[in-house]
Peer 1: 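Pasting a structure below so you can have a look.
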Amino acid sequence: MFQHLEPYAGDPILSLNEAFLEDPRPHKVNLSIGIYFDDAGRIPVLQCVRDAEAKMLAEGGAKPYLPIEGSPAMREAVQHLLFGAGHPAVKAGRIATLQTIGSSGGLKVGADFIKRWLPESQMWMSDPSWDNHRAMFEGAGVAVHTYPYYDPATGGVRFDAMREAISRLPARSVVLLHACCHNPTGVDLSREQWRELVSLLQQREVLPYLDLAYQGYGDGIAEDAYAVRLLADSGLVFFVANSFSKSMSVYGERAGALSLVCGSAAEAELALGQLKATVRRNYSSPGIHAAGIVSRVLTEPPLRSAWEADVAAMRERIQAMRKSLHATLCAMKPGRDFGYFLSQRGMFSYTGLSAAQVDRLREEFGVYLIRSGRICVAGLNTGNVERTARAMAAVIE
């Protein structure tokens, strides 16, 4: 019955991570997978998360199914985190929010919703973007295209070309945007560019779809929600999928959410109903443990303060690794401009290395990054950053 199935090639990033684990070399460096590691090379367990879980265990009790839309406490906390508790859209009930299976689950639910209720709409994403963006929307039956974004010559944004491409989109097109810490390039729009873009989105009557997976890793927790709040202030209808995997270091809990900002409370109620219907025929309801962690950390003042301090420390460590990598590369290649490592933000950076150079890094030096040249800066630490920079300098012509 299944002899006709095609073999699965595997996810390129996860497959590379498996190859790294099998590599016997003691000084190997993993800069491939998008996970935050501390300076000892470990995934941290945040104390605020430990404390939230301890409270959950102490309370005990049954573990019933959550509602289809998820925990009410988590959903409210997510709205306050993203938009601010006093935002008019929140107070007017214009936002339909789901607890989802990570932000990936939110992206897929939103894609299914769009295919069902805006069947002629097509999606445009940045060139490049996270590979799974295309897979999720195409898997939902939505046609996917790209708009210009990354400029390899400058290590910045091709904003004029991006704006020109979006200005030609049909009404009701879906425009996927990274709210901060663009994956894979680390190149973000400035606030001025965001304001100009929002004005253009209003004119074109398109549907923005924001992915916010790295809140707090750019400039700060509130600062990284700038694009979300700007869109909400504009009166646009839009989606935002957000994740707590990185910011709370709870990758395996699959803690995320999807919010749809609507034109009225009545529309939000209709949208929530159909989003619930989408979830019901997919995974039925989300996990109770993830909801307990997130809602407690976001709403209990001591846990919230500890979490904000933890996120700041993670962000500052990533920035320190950027500076160290930049300094060593500049010293070894004085005629080369590596300033993009300092201007790019968040966990990722585009190195500008070719696929052949990436292969050399892996084979000769045990430094693993994906073939696009993207590195996960959070995989660097004080014990490997200089060695990594020297390896990169060795393959740069």
Peer 1: Do R345's NZ or CZ and the ring of Y217 fall within the cation-pi criteria of under 6.0 Å and 45°?
Peer 2: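 Output no; distance or angle outside limits.
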
Peer 1: Locate the shortest heavy-atom distance separating D224 from G216; write the atom from each residue and the value.
Peer 2: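 Residues D224 and G216, closest heavy atoms: OD2-N, 2.8 Å.
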
Peer 1: Does T351 reach the main-chain N or O of L353 with its side chain, forming a donor-acceptor pair under 3.5 Å?
Peer 2: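 Checking the backbone N and O of L353 against the side chain of T351, a donor-acceptor pair under 3.5 Å is found.
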
Peer 1: Do K28 and Y368 meet the cation-pi criteria used here (NZ or CZ under 6.0 Å from the six-membered ring centre, within 45° of the axis)?
Peer 2: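 Not satisfied by the 6.0 Å and 45° rule.
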
Peer 1: Start with the C-alpha distance between L329 and F341, add both sets of side-chain angles, then the distance that settles side-chain contact (heavy atoms from CB on, under 4.5 Å), and finish with yes or no.
Peer 2: CA-CA 10 Å; L329 283 170; F341 282 120; 3.6 Å; yes

Peer 1: What's the shortest heavy-atom distance between V367 and A391, and which atoms?
Peer 2: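 Looking at all heavy atoms of both residues, the shortest contact is CG2-CB, 4.2 Å.
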
Peer 1: So Q122 and L169, do their side chains get closer than 4.5 Å, heavy atoms only?
Peer 2: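 No, their side chains stay 4.5 Å or more apart.
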
Peer 1: Using side chain to side chain donor-acceptor pair (under 3.5 Å), reason through T299 and H80 one step at a time and then give a plain yes or no.
Peer 2: CA-CA 10 Å; T299 61; H80 293 178; over 6 Å; no

Peer 1: Quick check: are there more than 12 heavy atoms from other residues, nucleotides or ligands sitting under 6.0 Å from NE2 of H145?
Peer 2: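 Yes - once you tally the heavy atoms of other residues, nucleotides and ligands closer than 6.0 Å, there are more than 12.
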
Peer 1: Taking everything shown except E205 itself, do over 12 heavy atoms lie less than 6.0 Å from its CD?
Peer 2: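 No - once you tally the heavy atoms of other residues, nucleotides and ligands closer than 6.0 Å, there are 12 at most.
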
Peer 1: For the pair E300 and R304, find out whether any cationic side-chain nitrogen is under 4.0 Å from an anionic carboxylate oxygen.
Peer 2: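 No.
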
Peer 1: Is it true that Q344 and S349 share a donor-acceptor pair across their side chains at a distance under 3.5 Å?
Peer 2: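 Indeed, the side chains of S349 and Q344 share at least one donor-acceptor pair under 3.5 Å.
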
Peer 1: Check for a donor-acceptor pair, side chain of Q99 on one end and backbone N or O of G287 on the other, with a separation under 3.5 Å.
Peer 2: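 Looks like yes, one N/O pair under 3.5 Å.
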
Peer 1: With sequence neighbours left out, what residues match T382 under side-chain hydrogen bond (donor to acceptor under 3.5 Å, both in side chains)?
Peer 2: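 T382: side-chain hydrogen bond (donor to acceptor under 3.5 Å, both in side chains) contacts with D39.
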
Peer 1: Quick check: is V237 connected to F113 through a chain of hydrophobic side chains (ILVMFWY, heavy atoms under 4.5 Å apart)?
Peer 2: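 They do share one cluster, since a chain of ILVMFWY contacts under 4.5 Å joins F113 to V237.
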
Peer 1: Counting distance only, does the side-chain N/O of E363 pair as donor-acceptor with the main-chain N or O of R360 below 3.5 Å?
Peer 2: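 The answer is no, because no donor-acceptor pair under 3.5 Å joins these two groups.
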
Peer 1: For H182 and Y149, I'd like to know if the aromatic rings sit close, meaning centre-to-centre distance below 6.0 Å.
Peer 2: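 Yes.
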
Peer 1: M392, V377: one ILVMFWY side-chain cluster at the under-4.5 Å cut-off?
Peer 2: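 M392 clusters together with V377.
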
Peer 1: Where the side chain of S324 meets the backbone of M321, is there a donor-acceptor pair that is under 3.5 Å apart?
Peer 2: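 No: the side chain of S324 does not pair with the backbone of M321.
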
Peer 1: Hydrophobic clustering (ILVMFWY, side-chain heavy atoms < 4.5 Å, transitive) - are Y65 and V294 grouped together?
Peer 2: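 No, V294 does not connect to Y65 through the hydrophobic network.
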
Peer 1: Apply side-chain contact (heavy atoms from CB on, under 4.5 Å) to residues R204 and L200 and explain how you reach the verdict.
Peer 2: CA-CA 6 Å; R204 298 307 305 164; L200 177 60; 4.0 Å; yes

Peer 1: Calculate, to the nearest 0.5 Å, the distance between atoms CD and OG belonging to E253 and S243 respectively.
Peer 2: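 Going from CD on E253 over to OG on S243, the span is 12.0 Å.
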
Peer 1: Determine the minimum heavy-atom distance between K333 and I396, stating which atoms define it.
Peer 2: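 Heavy-atom minimum between the residues: NZ-O, 3.0 Å.
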
Peer 1: Measure from the side-chain N and O atoms of S249 to the backbone N and O of K246, and report whether any donor-acceptor pair falls under 3.5 Å.
Peer 2: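 No, the answer is negative, given that no donor and acceptor are paired below the 3.5 Å cut-off.
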
Peer 1: Measuring only between side-chain heavy atoms, which start at C-beta, is S126 closer than 4.5 Å to T185?
Peer 2: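 Not touching, per the 4.5 Å side-chain cut-off.
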
Peer 1: For the residue pair Y147 / D127, report whether a side-chain donor-acceptor contact shorter than 3.5 Å exists.
Peer 2: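 Side-chain D/A pair, D127 to Y147: absent.
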
Peer 1: Could you check whether any side-chain N or O of Q215 sits under 3.5 Å from a backbone N or O of I221, counting only pairs where one atom can act as donor and the other as acceptor?
Peer 2: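 Side chain of Q215 to backbone of I221, a donor-acceptor pair under 3.5 Å: yes, one is there.
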
Peer 1: Over all heavy atoms of both residues, which pair between D359 and R371 is shortest? Give the atoms and the distance, please.
Peer 2: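 For D359 versus R371, the nearest heavy atoms are OD2-NH2, 2.7 Å.
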
Peer 1: Would you call the rings of H133 and W130 parallel, tilted or perpendicular, where under 30° means parallel and over 60° means perpendicular?
Peer 2: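 It falls in the perpendicular class, over 60°.
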
Peer 1: If I take atom CE from residue M314 and atom CE from residue M248, how far apart are they, to the nearest 0.5 angstrom?
Peer 2: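 Answer rounded to 0.5 Å: 9.5 Å.
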
Peer 1: Quick one: pull up SG in C262 and CD in E269 and give me the separation to the nearest 0.5 Å.
Peer 2: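 C262 SG to E269 CD: 11.0 Å, rounded to 0.5 Å.
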
Peer 1: Atom OG of S103 and atom CG of L212: how far apart are they, to the nearest 0.5 Å?
Peer 2: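 Those atoms lie 8.5 Å apart.
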
Peer 1: Does any non-hydrogen side-chain atom of L303 lie less than 4.5 Å from one of P301?
Peer 2: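 They are not in side-chain contact.
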
Peer 1: Taking CZ in R25 as the centre, count heavy atoms belonging to other residues, nucleotides or ligands within less than 6.0 Å. Is the count above 12?
Peer 2: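 Correct, the count exceeds 12.
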
Peer 1: What distance do L31 atom CG and F20 atom CZ have between them, rounded to the nearest 0.5 Å?
Peer 2: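 Output value for this atom pair is 8.5 Å.
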
Peer 1: Looking at L380 and N384, what are the two nearest heavy atoms and their distance?
Peer 2: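 So the two residues come closest at CA-OD1, 3.3 Å.
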
Peer 1: Which residue in the set K115, K108, R116 passes salt bridge (Lys or Arg N to Asp or Glu O under 4.0 Å) when paired with D112?
Peer 2: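 Looking at K115, K108, R116, the match for D112 under the salt bridge (Lys or Arg N to Asp or Glu O under 4.0 Å) is K108.
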
Peer 1: Donor-acceptor check, side chain of R75 to backbone of L98, threshold 3.5 angstrom: yes or no?
Peer 2: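 A pair under 3.5 Å: no.
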
Peer 1: If we ignore hydrogens and angles and just use 3.5 Å, is the side chain of R322 paired with the main-chain N or O of G346 as donor and acceptor?
Peer 2: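 Present.
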
Peer 1: Report the C-alpha separation of L16 and I33 in whole Å, then their side-chain angles, then the decisive distance to 0.1 Å, and conclude whether the side-chain contact (heavy atoms from CB on, under 4.5 Å) test is met.
Peer 2: CA-CA 8 Å; L16 190 63; I33 194 165; over 6 Å; no

Peer 1: Check the side chains of Q79 and T97 for a donor-acceptor pair under 3.5 angstrom, ignoring hydrogens and angles.
Peer 2: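 There is such a pair between these side chains.
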
Peer 1: Looking only at heavy atoms, what is the nearest atom pair of S173 and W124, with distance?
Peer 2: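 Heavy atoms only, the tightest pair is OG-CZ3, 3.5 Å.
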
Peer 1: Does atom CD of Q47 have more than 12 heavy-atom neighbours, drawn from other residues, nucleotides or ligands, at distances under 6.0 Å?
Peer 2: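 Yes, enclosed.
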
Peer 1: Taking atom types as modelled, is there a side-chain donor on Y226 or R195 under 3.5 Å from an acceptor on the other?
Peer 2: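 Yes, side-chain donor-acceptor contact under 3.5 Å.
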
Peer 1: Tell me if the aromatic rings of Y209 and F137 count as close, with their centers under 6.0 Å from one another.
Peer 2: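 Ring centres of F137 and Y209 closer than 6.0 Å.
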
Peer 1: Give a yes or no on whether a salt bridge exists between K55 and E59, defined as a side-chain N under 4.0 angstrom from a carboxylate O.
Peer 2: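 No salt bridge links K55 with E59.
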
Peer 1: Does a side-chain heavy-atom distance below 4.5 Å link S259 with F239?
Peer 2: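 S259 vs F239: side chains apart.
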
Peer 1: Residues two or more places apart in sequence or in another chain: which of them pass side-chain contact (heavy atoms from CB on, under 4.5 Å) with A277?
Peer 2: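 Partners of A277 under the side-chain contact (heavy atoms from CB on, under 4.5 Å) test: Q274, R281.
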
Peer 1: Looking at V228, D233, I95, L82, which hits side-chain contact (heavy atoms from CB on, under 4.5 Å) with H87?
Peer 2: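 The option that passes is D233.
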
Peer 1: For residues F238 and L275: do they belong to one hydrophobic cluster (side chain heavy atoms under 4.5 Å, members Ile, Leu, Val, Met, Phe, Trp, Tyr)?
Peer 2: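 In one cluster: no.
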
Peer 1: Less than 3.5 Å apart, which donor and acceptor atoms pair up between the side chains of residues 152-161 and the rest of the protein, not counting sequence neighbours?
Peer 2:
residue: T154; atom: OG1; partner: D151; partner atom: OD2; Å: 3.3
residue: T154; atom: OG1; partner: G156; partner atom: N; Å: 3.1
residue: D160; atom: OD1; partner: R163; partner atom: NH2; Å: 2.8

Peer 1: Roughly how far, to the nearest 0.5 Å, is the CD1 atom of I114 from the CG atom of L207?
Peer 2: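 It comes to 5.0 Å.
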
Peer 1: Grouping I, L, V, M, F, W and Y whenever their side-chain heavy atoms are under 4.5 Å apart, do L272 and W117 come out in a common cluster?
Peer 2: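 Per the 4.5 Å side-chain linkage, L272 and W117 are co-clustered.
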
Peer 1: Closer than 3.5 angstrom, by distance alone: can the side chain of S284 be matched with the main-chain N or O of R280 as a donor-acceptor pair?
Peer 2: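 No, S284 side chain to R280 backbone: no donor-acceptor pair under 3.5 Å.
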
Peer 1: Take T146 and S129, measure what side-chain contact (heavy atoms from CB on, under 4.5 Å) needs, and give me the verdict at the end.
Peer 2: CA-CA 9 Å; T146 62; S129 190; over 6 Å; no

Peer 1: Taking the six-membered ring of F348, is the NZ or CZ of R374 close enough (under 6.0 Å from the centre) and on axis enough (within 45°)?
Peer 2: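 R374 over F348 ring: yes.
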
Peer 1: Main chain of Y36, side chain of Y251: is a donor-acceptor contact present, judged purely on distance under 3.5 Å?
Peer 2: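 Between the backbone of Y36 and the side chain of Y251 there is a qualifying donor-acceptor contact (under 3.5 Å).
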
